[in-house]
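The next block holds one structure in the form of C-alpha cells; read it before the comments.
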Amino acid sequence: MPDGTTGTGIGAAVKRVEDFRFLTGKGNYTDDINRPGQSFAYILRSPHAHAKITSIDSSAAKAAAGVLAVFTGEDMQVGSLPCGWQIHSKDGSPMLEPEHPPLAKGKVRYVGDQVAVVIADTYSQAKDAAESIVVNYEVLPAAVSMSDALTDKSLVHDDIGSNLCFDWEIGDEAAVDEAMSKAAHITKIDLVNNRLVPNAMEPRAAVGEFDAATGEYTLYTTSQNPHVIRLLMGAFVLSIPEHKLRVVAPDVGGGFGSKIYHYAEEAIVTWAAPKIGRPIKWVADRSEAFISDAHGRDQINHAELALDANGKFLALKVQTQANMGAYLSTFAPCVPTYLSATLLAGTYTTPAIHANVKAIFTNTVPVDAYRGAGRPESTYLIERIVDQAARETGIDKVEIRRRNFIPADAFPYQTPVALQYDSGDYEATLSSATKLADVAGFAARKAEAASRGKLRGMGYSTYLEACGIAPSAVVGSLGARAGLYESAEVRVHPTGSVTVFTGTHSHGQGHETTFAQLVSDRLGLPMENIEISHGDTNKVQFGMGTYGSRSLAVGGEALIRAVDKIIDKAKKIAAHVLEASADDIEFKDGNFTVAGTDRSMAFGEVALTAYVPHNFPHDELEPGLDEKAFYDPANFTYPGGCHICEVEIDPETGVTEVIKFTAVDDVGRVINPMIVEGQVHGGVAQGIGQALLEYAAYDENGQLVTGSFMDYTMPRADNFPKFDVTTEGTLCTHNTLGVKGVGEVGAIGSPPAVINAVIDALWDRGVRDMSMPATPEKVWSALQAAE
Amino acid sequence: MYEFEHHKPASVADAASAMKGADDGKLLAGGQTMIPTLKQRLASPSDLVDLSGIAELKGITVSGGTVTIGAMTNHAAVAASADIKSALPALAELADHIGDAQVRNRGTIGGSVANNDPAADYPAACLALGATIHTSQRDIAADDFFTGLFETALEDDEIITKISFPVASKAAYVKFPNPASRYALVGVFVADGPAGIRVAVTGAGQDGVFRVPEMESALSSNFSADALANVKVSADNLNADIHASADYRAHLITVMAKRAVAKI
Amino acid sequence: MATVSMTVNGKSVSGEVEPRTLLVQFIREQLHLTGTHVGCDTSQCGACVVHVNGDSVKSCTMLAVQADGSDVTTIEGLANGDTLHPMQEAFRDNHGLQCGFCTPGMVMSAVDLLKKNPKPSEGEIREWLEGNICRCTGYHNIVKAVQQAAQA
C-alpha cells in the first residue's frame, strides 16, 4: 500500500485544501447564507405521538407582529415525500407505503411531526406567533415500541390497515433448517441494536427562494446529495421541472446519513417562497433536530448459529424486527434488508443463511441510514454470536474465527445471501491487529488491573462490509427506484488549470483534497491548478451524492474515467500539432511526447491549443477540452478488517473505560492516508458511542426522553484514548483505483469489539450478556445480579 | 427567548430597587443556567437585573480561618485562586470541575447557590463546610438556606453578596458526573471542620442537597474510607431517571463518599 | 432596544439589539461574522465559543448586552491575514477537522487552554475540551493538534 509518498499524488498525506476556510471562519454553511429580503420560518411540531387534529386556529398568529403567512397541511396540497426503495414481502406483495405529507393532514404520527409553518420577518417573531396557534388534538393511543405496533391495536396509518410495512426474507430456509438439524451445537442470541440520533454538529437548515422573473426556484440545503433532493422534491412533491429548480448544498457540517433524505422543511420553504414573494430561511435548533432528523439503527434480532463438532459454522438463521418510525424515510426499507441481511455471512464460510426481516411502523421519528446503515447491525449480530459460540464450545474466540474465515485464495467468493466478495484477506488483518493490540501482553495487563480492583477485557470483531454503493443493475433488481452510478466532469481551461465537477458531496470527507490528488496524480498538475466543484445542481451535471462509502469507489472512478478521456483527447490534439499519430503520443509528467523523439508539448500548451484551434481538422477534432464520465460499478466493494478493543471496568461504579482500541482495516488502495485514518477515527468514535454511551429512549407515551445533549450522551474527548489505526490488505478488483471505501468501517466494525470486551471483562464475575449501550448503571446492575 | 427589560445597576441597593420595581424580575448573575432556561422559554421574566456591573460582589479574601467569595466571582477564579488552593483546596478543586471551561469562565458562585439546582456542586460544599450565605438583607447559615428543589430561603428581591466558608482541616469532594450533561449524578463533599464532620450529597436527592448523618457518625468514630464501606444509604427520596435509578444513586453515594475520604 | 458597543477582532462596533439577543446572534446576524456557529441549544456543544476579555465563553449563553464594553475575539480574528495562528496551523497539520462546523469553537477553546496551561497533558487537553463536541474526528487528531500547538 503506498504510504508516506511525497508530493501530491496517490498515497500522499496531502494537507487538506478546504481547511484554510474552515479554520478561519470562512466556511459557507447553509445558515451562513442570507438572501436579500429573506424571511424566517418556524415549524410548529406535534407534541403528541399520535393524535387527530380536530382543528387549527392560526388567526392570532397571522395577525401577530412581523408575520407574513401561516400554512398548514390543508393549505399545502402537494405530493407525498417519496421513498426511494421498494421492498417486496416474501409473499410477493409490495411493502405498505403510506402517504407522507410535508405538513400533517388530519393526523400527527410522532412527536415532532410538522403541523404548521409560520413565516415572519424574524425568527423570533415566527416563533412567538407560533405559540398563539391553537391546535385541538384528539390524542390517540400510540404504538411506541415495535412489540406494541405488531399487535396492530393502534394503527400508525389506518388507511393501510397494518403496522407491518413488509415481511421479507432472504436465503434458503430449508437448507438452514436441514443444517440446524444435524448440528453438533446451536448457539442462540437475542440482541437489540440501539436506536441512535445522528447529531451531525450542524443542525439541518434550508433556504428557499423563487425568482419571479425567470420562474426559477433555488433551495439551499444541508444535504449530502443535492441532485437527489432536486429529483425527489421537484418530480414527486412540488412538481417543479428540473430546469427550473436549483438545489445547492454548500459547506455541510457533517451528515452521517441523516442529510441524505428529502425532508419536509426543504419542500415547505421552497413551496412557500413564491407565495410570500420573499426568500425563506429555516434552521433547526438542536432540540428540533432530535425530533425531526431521521434516527438510526433500532433493530431487534434473534439469531441461531449451527456449528459442527469442530466449530465450523453450518448455518445461520436470523429474525429481525426493524423500526421504520412513523413514515418511510428515503432509504429506510433497504437498510435492514439489502444493506444488512445480505451481509450475514460476514467474513465466514457459513454455507447456509436465512434471514427474515419484519419492518414495522411506530409512532416515532422515521428511522433511516446512519453511518454504516444496516451493516453495523449485521456485524454486531455476527460478531456477538461468534463470540458466544466460542464461549459455549470452549474454542478460543480467535481460533473459532480463523477456522471459519473465507480463505484469502477463495476470492471471488459467492455468499449464500446474494453478494459476491471480490477480494479480502481476513487472516492478514487479524494477525496485524493482534500484534498492534499487544494481545500477548494482555494477561499481564489484566492481572495488573485486577491488583487495582479493576476488570480488564478484550474483544474482537473481524468484520466485513459492502459499500461503494452501488451497481445500478443489482440495486434495481432489489427494489431501488434509482440508479447508483456517479458522474464527473473534468473541464480543462485554456491556460491549463482544471475544474472538476463531481456529483458526490463532501461534508467533512475532504473530497476537495482527495479528488484533486487523483487529478494531480494522473495529469501531473500541481494541486493549486485543480479546483473541485460540488454541491450545486446548476454547476454539476448530475450526481447521486455521498453515502455508503461511495464517493471514491464510484465518484472517484468516474473522475478517473473523465480524466482518461481528457488524456485521450489531448493526445489527439498533440498529435495534430506535432504531426504524429495519436497512437504514438505518450503522456508522462504533464508532457505529451512523440514516442522516441524529443518533440513534446506541455499539458498547458495542449489546453491552449484546444481553445485556440486555428488549424484544427474540424471533421476529426472538436475544439475544447472538457470531458464527462458516468460510472456504474460492477459490484459493491468489500472493506473488512479486525478491530480489537481493550476495556477496563470499575466494578464499584460500573464505568467502562476504553483503554486501547486497535483497528486494522482493508479499505483497498489509500489515496490520502491522513484522511483515511481520520475517517476511521471518527467511525470508531461513533461505534464506541453506540456501544457505551448513546441511545434514543422513548417513554410509553412516545415522548423522546433523550431529546437534548443534556440527556443524549454525545461522545466527548475524555471518553476516548488515542486510537491505533492502520490500513493494509487487498485491492478492489473491479475498479481502476483498487479502492474500497473507508467512511463507515469504523462505525461498522467497532461496536461488537467493545461489547465483546465488556463481556470478557465481566465474565469471571458471572456476567453472561450485555446490551448496548453498556452504561455504568447497566454494568453495575449486571454485576449485582451475577453475585 | 421571550422579551424582557435589561437593567445593569452599579450597586446592590440599585439592584434591589430594580427588582422591587419589576413585575416579575429575575437576577442575572453569570447566566449559565438562566440563559439556557430563557432560551428554552421555560421562564418569562419581565425584567433581568444584571449583577455584573457591581464591583462589590466580586473578589476572594482568605483571612481568620475563613474563605470569603463574592457572589459574582466566577468558578474559574475560584479554581485558580492561590489563596483558596492553599486554605481550602477541596473548594478550588470543586470549582475546577463545575461544567466545562467556558461555563467556569462565566458561571458564578452566587448564581449557583441561589439557583440551588439539585445537581449543582457548590451547595454540597456550602452544607458540608457550614458556610454562611451573606445577602443584601442578612446572613443565612447554609443549614437554613437550601430549602428544596431549586428552592432557597432567599426572598424575591434578596441578593446574595458573598459566601463565607470556614476553613476545614479535612475536606474533599468527589462526583460521579451524568454521562450526558456532566452535571453531578452524585456528588459527595466530606469535611471535618469547625462545623464538625459533615457529609453532604448533591445530585441524588429529590429535595436537593442533603447530609448523611449515618456517614457523619461513622466518620466521627473512625475517619477512614473503610468506616463508610458498610454504610448503606436508603434509596428513599433519591432521584431516579434514565441515567440512574435511586438504588444506583444510593450505591454511588457510598462509593463517592469513600473516595472523597480516601483523597483526604 | 438597547445599544451595545464592543471591540470585536480589534475593531469598535456598535449596534441596536433587543435585550434578548444572544451574543452569537449579534456576531452572526449583525456583524456578519458567520465563523462562530450554533450547534445546540443547551450550552453543551461549544461550536459558538469566542473569547470575551481574553477568556473563552459560549456566545450562545451570553446576551449581547452582557458583552457591552467588552473585547471580543472570534475565529475570524485569530489569524494574521493569511498567516494562521499556531493553533489553526496545528489543526491543519494534524487533520484536526473534518466538516469544520465545530472547528471555530474548538480552536478558540484550545487557544484559551494553552494560555492558561501552556504544557497540558493529554488528559488535561481531553478534560478541557469537555465543552466542545465534535462528531467527525473522534478527537484523536484534535488532541494531537493541541499537543503540537503546545510544542510551538
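Here the structure is a predicted model, which means the values were calculated and not measured. To find a chain, count down the sequence lines: A is the first, B the second, and so on, and within it residues start at 1.
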- Note on the structure: Most contact-rich option vs chain A, by heavy-atom pairs under 4.5 angstrom, among C:Leu78, C:Asp82, C:Asp41, C:Val107, is C:Asp41
- Item | Interchain contact, A:Met674 with chain C, by part (heavy-atom threshold 4.5 Å) | both
- Query: C:Glu29 versus chain A, heavy atoms under 4.5 Å apart: side chain, backbone, both or neither?
  - Reply: neither
- Message: Any carboxylate oxygen within less than 4.0 angstrom of a Lys/Arg side-chain nitrogen, looking at A:Glu288 and A:Arg204?
- Response: no
- Query: Should the ring pair A:His681 and A:Phe723 be called parallel, tilted or perpendicular, given that the plane angle runs from 0 to 90° and is split at 30 and 60?
  - Reply: tilted
- Pair count under 4.5 Å, heavy atoms only, with chain A: among C:Leu97, C:Thr42, C:Ile75, highest is C:Leu97
- Is it the side chain or the backbone of C:His37 that comes within 4.5 Å of chain A heavy atoms, both, or neither? side chain
- chain C heavy atoms under 4.5 Å from A:Phe720: which part of the residue, side chain, backbone, both or neither? both
- Message: Quick check on the interface: out of C:Asp93, C:Leu129, C:Asn141, who has the most heavy-atom pairs with chain A under 4.5 Å?
- Response: C:Asp93
- Query: Based on non-hydrogen pairs under 4.5 Å, which of C:Glu130, C:Gln88, C:Met106, C:His95 is most in contact with chain A?
  - Reply: C:His95
- Query: In terms of heavy-atom proximity below 4.5 Å to chain A, should C:Thr103 be classed as side chain, backbone, both, or neither?
  - Reply: side chain
- Using a cut-off of under 4.5 Å on heavy-atom pairs, state which of A:Gly254, A:Gly678, A:Ala685 scores highest against chain C. A:Gly678
- Message: Does any backbone or side-chain atom of A:Thr24 lie under 4.5 Å from a heavy atom of chain C? Answer side chain, backbone, both or neither.
- Response: both
- Message: Using heavy-atom distances under 4.5 Å, tell me whether A:Ile688 contacts chain C through its side chain, its backbone, both, or neither.
- Response: neither
- Close side-chain approach of C:Tyr139 to A:Lys722, heavy-atom, < 4.5 Å: no
- Task: Would you mind checking if C:Asp55 and C:Lys116 are paired as a salt bridge, meaning a charged N to carboxylate O distance below 4.0 Å?
- Result: yes
- Query: Tell me, side chain or backbone of C:Phe101 under 4.5 Å from chain A's heavy atoms, or both, or neither?
  - Reply: both
- Determine whether the aromatic ring centres of A:Phe290 and A:Phe709 lie less than 6.0 Å apart. yes
- Does the pair A:Glu512/A:Lys15 count as a salt bridge with the N-to-O cut at 4.0 Å? no
- Note on the structure: Most heavy-atom pairs under 4.5 Å with chain A, out of C:Arg92, C:His32, C:Lys144, belong to C:Arg92
- Task: Check whether A:Asp251 gets within reach of chain C through its side chain, its backbone, both or neither, counting any heavy atom under 4.5 Å.
- Result: neither
